[in-house]
Amino acid sequence: MTNTYDFGMIGLGVMGRNFLLNIADHGFSVAGLDTDATKAAALETEAAGKPAKGTTSTQEFVASLKRPRHIMLLVPAGKPVDSVIESLLPFVEKDDLIIDGGNSFFEDTERRFSYLKEKNIHFMGMGVSGGSKGARFGPSIMPGGAKEAYEPVRPILEAVSAKVNGDPCVAFLGNGSSGHYVKMVHNGIEYGMMQLIAEAYDLLKNLGGLSNKELHETFDKWNNGRLRSYLIEITAQVFAQKDDLGDGLLVDKILDKAKQKGTGKWTSQNAMDMGIPVPAIDAAVTMRGLSALKLERLEMEAQFPKKKKTKKGKNEKLVKRVEAALYFAFTTTYAQGLHLLAEASEEKNYGLDLETIARIWRGGCIIRADLLELIRQAYSQQPGLKNLLLSPVFKDEISKSEKDMRKVLRTAIKAGVPVMAMAATLTYFDAFRSGQLPLNLVQAQRDLFGSHTYERVDKAGVFHTEW
Ligand code: 6PG
């Protein structure tokens, strides 16, 4: 059947298939391509009567789509994306649109965008967040590229995205690679929040002596307050999960080595390049690295043993303070990520609107949280806001929770509980609110040993001293 289907997907793994089934649920006809015939067949079975076609032939797949074609890729980031694009080139035509929905590195997206533009093929880098369930029932979608290429697919993407009060969690974000850039920063924030939650767990378990049951109840309660978010919700769920393969709860059987695919690291690396501090994200990436050094950690533990400080029984005060510390730390982590986006928007000419980004992150994605509605309001009040912490929206809550964070850190540091990400949020805050930092001394040192010059507080110009 030629010129029949509204939307095509390449890569029919769980994510690709679910995204396509979601589209089919909304009344659009879909075609899927995969080298694995069983996956292509699974699409047709799971679509159960809705117009959906699975195939293993690229030529047949492309021909089956209505023109101009909408072809989305959900294949592993890196080389597979380039090879799929090459395999499509003999068949696609002027004005067709290729969408990369994976976690591609934004510089690869930039390169592919220019490469396909020369061939009059539209290309859109599009972040999709929400895991396999999100893909099936409503993800947060972050498209970027050329506005005119977005318009034809807009009704489909709006239909399948998550909704918050009827508002779709998708919007055209900006030029070039902006969609993948925003998704990268989303993931950086995700790394930060996950690490902060892990530190809260460490404190509550090892200092507060909370059992898994109590941890489940605590996170569940938090999820009904100002910390309400997807990550807090699933954390509560984790603490209740029984182990299928043995006695007890699963969380205690999981090896403490966290893996990563690179998006958090890219955020840190790029933030360094841009000169925008994101220390909570840096700490989260560093902690994944440290977690991987299991053998060395065990050796270190034998060499420098910790004193056990666990207080048995519920520790109400600690629980309350950790909740406030998390509120402070989540807000600061969003502030860091969004500051990076504000800078990238200018430097890379993305034309991002931070209110829109906060809006589409309120539902569907991994970092969705009630806090994002407040963040949206902050940017709506001050569209040019560089850093969230400068907004009056957060002033009172930040001032109050900062005190609890300080107390939590004092307790943690005294007991030797590693709280790298939490500490990074507070020291970032302390440095950021210092009108005067000691970096005048660094300038003096640079000039003394390397004649690197310095500026003065009392005179304009550039100075050098023979020290
Ligand atoms: C999402 C997630 C997703 C990714 C995780 C895991 O938004 O749905 O970000 O894209 O699978 O971030 O990443 P790591 O393997 O690097 O932890």
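Position 1 is the first residue of the sequence, and the numbers go up from there. Indexing begins at 1, ligand by ligand and atom by atom, following the structure's order.
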Would you say the side chain of Y327 lies within less than 4.5 Å of the side chain of L371, judging by non-hydrogen atoms? yes
Specify side chain, backbone, both or neither for R288, according to which of its non-hydrogen atoms lie closer than 4.0 Å to ligand 1.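 Only the side chain of R288 comes within reach of ligand 1.
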So which heavy atom in the protein is nearest [atom], and how far is it from that ligand atom?
{"atom": "atom 13 (O) of ligand 1", "value": "K261 NZ, 3.9 Å"}
{"atom": "atom 5 (C) of ligand 1", "value": "E190 OE2, 3.3 Å"}
{"atom": "atom 16 (O) of ligand 1", "value": "Y191 OH, 2.5 Å"}

Which residue pairs satisfy the salt bridge (charged side-chain N to carboxylate O under 4.0 Å, His left out) criterion with at least one member in residues 238-252, sequence neighbours excluded? D243-K253
Do any pairs count as a salt bridge (charged side-chain N to carboxylate O under 4.0 Å, His left out) and have a residue in residues 164-182, sequence neighbours left out, and if so which ones? D167-R362
Ligand-side contact atoms (ligand 1) for residue partner [X], heavy atom cut-off under 4.0 Å:
{"X": "H186", "answer": "7 (O)"}
{"X": "I366", "answer": "1 (C), 2 (C), 7 (O), 8 (O)"}
{"X": "N103", "answer": "3 (C), 4 (C), 10 (O)"}
{"X": "G131", "answer": "8 (O)"}

Cationic N near anionic O, under 4.0 Å, [X] to [Y]:
{"X": "K213", "Y": "E217", "answer": "yes"}
{"X": "R359", "Y": "E355", "answer": "no"}
{"X": "E301", "Y": "R297", "answer": "no"}

Looking at ligand 1, is there an atom of it that comes within less than 4.0 Å of some heavy atom belonging to M194? no
Does G264 have a non-hydrogen atom less than 4.0 Å from ligand 1? no
Can you check whether T263's main-chain N or O pairs, donor with acceptor, with N187's side chain at less than 3.5 Å? no
